[in-house]
Amino acid sequence: MFCIPGKQAVTLTDKAAAQIAKLMAKDAHEGLRIGVKKGGCAGMEYTLEYVTEVDPLDEVVEQDGARVMIAPMAQMFLFGTEIDYEVSLLESGFKFHNPNVVDACGCGESIKFNETITAK
């Protein structure tokens, strides 16, 4: 839907691709669907869910054995995002380095997008 020929909608770091491939292998999931929804103190939140069936309207990104589906309504918000997987002493999880985000809450759980994107 929102794409530039020859460029993936999102990119995965090696760590993120390895973790997604590991999650796919567990319980034979088809991949991980990424979306956004209204919520949180900054206005929007990322969503992640296991996928057992690929929606034909999803943007599919495959890299190093990992498959990520981007929900149709999230594609314009996520274009250009790098997804990483970080492990620290206190937590582990996916981190989104999204050039479309203009602000985030203090805890990092919710984000705000450029007004020109959200007005579409």
Side-chain angles (χ1 to χ4, degrees):
M1 185 182 272
F2 292 91
C3 66
I4 296 173
K7 182 171 171 64
Q8 295 189 119
V10 299
T11 57
L12 306 172
T13 64
D14 291 342
K15 289 180 184 178
Q19 182 64 21
I20 292 168
K22 181 179 170 182
L23 292 171
M24 286 173 57
K26 183 180 180 186
D27 299 326
H29 296 294
E30 288 294 315
L32 195 64
R33 180 173 292 120
I34 301 170
V36 293
K37 67 176 184 174
K38 290 186 178 193
C41 49
M44 301 285 277
E45 297 175 321
Y46 293 113
T47 62
L48 297 169
E49 64 180 334
Y50 292 113
V51 175
T52 55
E53 209 171 294
V54 179
D55 185 315
L57 297 177
D58 285 345
E59 178 73 24
V60 179
V61 174
E62 294 183 277
Q63 182 181 321
D64 300 326
R67 184 178 302 120
V68 172
M69 282 68 89
I70 305 170
M73 295 305 292
Q75 292 172 11
M76 67 182 163
F77 297 106
L78 295 174
F79 190 77
T81 299
E82 178 190 65
I83 302 170
D84 193 10
Y85 186 77
E86 297 177 0
V87 177
S88 72
L89 189 58
L90 297 176
E91 65 181 0
S92 62
F94 292 102
K95 301 292 181 185
F96 295 79
H97 304 283
N98 187 333
N100 305 305
V101 170
V102 295
D103 198 11
C105 67
C107 66
E109 293 295 319
S110 68
I111 51 190
K112 181 178 179 183
F113 293 101
N114 185 321
E115 296 297 326
T116 58
I117 294 175
T118 55
K120 292 180 182 182

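Nothing here was measured: the structure is a model prediction, and the numbers come from that model.
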Practice problem: State which residues pass side-chain contact (heavy atoms from CB on, under 4.5 Å) with Lys37; sequence neighbours excluded, sorted by chain then number. | Solution: Glu45, Thr47
Quiz item: Partners of Asp84 by side-chain hydrogen bond (donor to acceptor under 3.5 Å, both in side chains), sequence neighbours excluded?
Solution: Thr13
Practice problem: Please list, chain by chain and in numerical order, all residues satisfying side-chain hydrogen bond (donor to acceptor under 3.5 Å, both in side chains) with Glu49, sequence neighbours excluded. | Solution: Arg33
Nearest heavy-atom neighbours spanning [X] and [Y]:
X     : Y     : answer
Gly35 : Ala74 : CA-CB, 3.6 Å
Glu59 : Gln75 : N-NE2, 3.2 Å
Gly65 : Ala21 : O-CB, 3.7 Å
Asn98 : Phe77 : ND2-O, 3.0 Å
Ile83 : Ala16 : O-CB, 3.3 Å

Quiz item: If only atom types and distance count, is the side chain of Gln19 paired as donor or acceptor with the main-chain N or O of Tyr85 below 3.5 Å?
Solution: no
Quiz prompt | Test item: Asn100 side-chain N/O and Phe79 main-chain N/O as donor-acceptor pair under 3.5 Å | solution = yes
Exercise. List, by chain and number, the other hydrophobic cluster members for Met69, where Ile, Leu, Val, Met, Phe, Trp and Tyr join if side-chain heavy atoms come within less than 4.5 Å, directly or indirectly.
Key: Val51, Val54, Val60
Spacing of [X] atom [atom1] and [Y] atom [atom2] [to the nearest 0.5 Å]:
X     : Y     : atom1 : atom2 : answer
Phe96 : Ile34 : CZ    : CD1   : 4.5 Å
Tyr46 : Leu78 : OH    : CG    : 6.0 Å
Thr81 : Leu12 : OG1   : CG    : 11.0 Å
Thr11 : Gln63 : OG1   : CD    : 7.0 Å

Quiz prompt | ring pair (Phe, Tyr, Trp, His ring centres under 6.0 Å) partners of His29, counting only residues at least two apart | solution = Tyr50
Exercise. Enumerate the residue pairs fulfilling salt bridge (Lys or Arg N to Asp or Glu O under 4.0 Å) with a member in residues 61-76, sequence neighbours excluded, ordered by first and then second residue.
Key: Glu30-Arg67, Glu62-Arg67
